[in-house]
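Note that ligands are numbered from 1 as they come in the structure, with each ligand's atoms numbered from 1 the same way. Counting begins at 1 with the first residue of the sequence.
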Amino acid sequence: MRVGLLTGGGDCPGLNAVIRAVVRKGIEAHGWETIGFRNGWLGPIEGLTKPIGLNDVEDILTRGGTILGSSRTNPYKVDGGVDRIRTNLAELGVDALIAIGGEDTLGVANRLTDDGIGVVGVPKTIDNDLGATDYTFGFDTAVHIATEAIDRLRTTAESHHRALVIEVMGRHAGWIALHSGLAGGANVILVPERHFNVDQVVDWVKRRFEREYAPIIVVAEGALPEGGEEILLTGEKDAFGHVRLGGIGQWLAVQLQEKTGKEARAVVLGHIQRGGTPTAFDRVLATRFGLQAIDAVNEGDFGKMMALRGTDIIRVPLIEGTGQLKTVPAERYDEAEVFFGS
Ligand code: F6P
C-alpha cells in the first residue's frame with residue numbers, strides 16, 4: 001500500500017514535522033510506503049514525485065519550509081487537472097493522499113474526495129483562520145517572530161520618540177496581529193475584522209506620546225480604514241482568486257506623521273513570519289496531526305481533516321475546516337481595546 005503526501009499554499013514552520021510523522025508511523029506502525037509529490041497540487045497533476053523514506057525524513061523535524069516544495073496550483077483551474085491526478089495516482093500505485101494545506105489546498109482536497117479520490121487533510125497556516133480546529137501549526141511560530149520584532153522595535157522607537165507601525169500577515173483574519181500585539185504590549189492593534197477610524201488611531205497615538213512613551217501600532221495586512229479599500233501590492237490574483245496585499249502599514253505611518261506632527265515609520269514583517277524553525281508547540285501539534293492523518297488513511301477515513309480541540313486531536317469533515325474562515329470574534333478584539341492609547 002502506498003500513500004502520497006503533498007504540501008500546498010503558503011509554507012509555514014511545521015510542514016516537515018508532519019511529513020516526518022506520517023512517514024515514520026506509516027512505515028513503522030502500518031507498513032505503508034510513502035511517496036512525496038512536489039509543489040502542491042502541481043505534483044500529482046504533472047506526476048512530479050520525490051522519494052520520502054525513513055532516511056529522507058531524518059533531521060527535518062526542526063527545519064522550516066517544506067522538503068516537498070509548495071505552490072498555489074488549483075487542479076480545478078488546469079485543463080483536465082483532476083483526470084491527470086487520477087491517472088498519475090493509478091500509474092504510481094498510490095492508494096491515498098495526505099494533503100497538508102490551508103483553506104485552498106484543503107478546499108481542493110474536499111472536492112477531490114467528492115470526485116472519488118481518497119484524501120485526508122492536515123490543516124496548516126500561520127493565519128490560524130481555518131474553521132473546526134482551535135489552532136493550526138505555524139501560527140505559534142509566526143506570533144513568536146512578530147512579538148520578538150515588536151520587542152526590538154519598541155526600544156528603538158523609544159530612543160527616537162517615533163511611532164512605529166508594524167505590518168503583519170493576515171489577509172482576512174487578524175489573529176497574528178491580535179496575539180503578537182497583546183504579547184508585545186502594542187498600544188493599537190488593527191485587524192481586518194474591524195474597520196478602523198484614522199482619527200481615533202491618531203488620538204490613541206497622541207495620548208501615548210503625551211506620556212512620553214513611543215506608540216507601537218500593529219496592523220494586519222488586510223486591515224482597512226472605515227470607507228477605505230484594501231491596499232494591494234499588485235493587481236495580480238492567484239489561482240484561487242487571492243490578491244497580494246501589502247502597504248497598509250506605510251499608508252498609516254504617513255497619516256500618523258501628518259496628523260500628529262511626530263515622526264512615524266513602518267516596518268513590514270512579511271515572509272520573515274513564515275520562515276525558520278518551528279516553536280516546540282508547533283512541532284508537537286504538527287507531529288500529532290501527522291500521526292492522526294496516517295491512522296485515518298489506514299482506516300480508510302477519507303474526506304476528513306485533523307483538528308485540535310482542547311488538547312485532543314480529532315477528525316472532522318474537510319468542509320467543516322474550509323467552509324467558513326475562523327476570524328477574530330468581536331469580543332476578543334474588544335478585550336484588547338483597554339490597552340489602546342494608554
Ligand atoms: O496564507 C498565509 C499567508 O502568509 C497570508 O498571511 C498572506 O497574505 C499570504 O500567505 C501571502 O502569500 P504569498 O507568500 O504567496 O505572497
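Distance from atom 2 (C) of ligand 1 to its nearest protein heavy atom, with residue and atom name: Asp127 OD2, 3.6 Å. Protein heavy atom at the shortest distance from atom 11 (C) of ligand 1 is Arg274 NH1, 3.6 Å.
Under a hydrophobic clustering in which Ile, Leu, Val, Met, Phe, Trp and Tyr are joined whenever their side-chain heavy atoms come within less than 4.5 Å, directly or via other members, Leu5 and Val119 fall into different clusters.
Residues Phe139 and His179 place their aromatic rings such that the two centres sit under 6.0 Å apart.
Contacts of Leu245 with ligand 1, taken as heavy-atom pairs under 4.0 Å, are absent altogether. Of all the heavy atoms of His271, the ones lying under 4.0 Å from any atom of ligand 1 belong exclusively to the side chain.
Of the polar atoms of Arg244, none of the N or O atoms is found under 3.5 Å from an N or O of ligand 1, judged by distance alone.
Within the structure, ligand 1 has Arg72 among the residues with a heavy atom less than 4.0 angstrom away. Judged by the shortest distance from any of its heavy atoms, Gly102 lies outside the 4.0 Å radius around the atoms of ligand 1.
Residues Tyr135 and Asp140 have side chains not in contact (no heavy-atom distance under 4.5 Å, counting atoms from C-beta outward).
A distance of 11.5 Å separates CG of Leu178 from OG1 of Thr327, quoted to the nearest 0.5 Å.
Residue Gly170 approaches ligand 1 through these ligand atoms, each under 4.0 Å from one of its heavy atoms: 6 (O).
Legend: residues meeting salt bridge (charged side-chain N to carboxylate O under 4.0 Å, His left out) with Lys259, ordered by chain and number and at least two apart, are Asp199.
A donor-acceptor contact shorter than 3.5 Å is absent between the side chain of Arg265 and the backbone of Val165. Side chain of Asp282 to main chain of Thr141: a donor-acceptor pair is present (N/O by atom type, distance under 3.5 Å, no hydrogens or angles).
Taking only non-hydrogen atoms, the option from His172, Glu103, Glu221, Gln273 nearest to atom 8 (O) of ligand 1 is Glu221.
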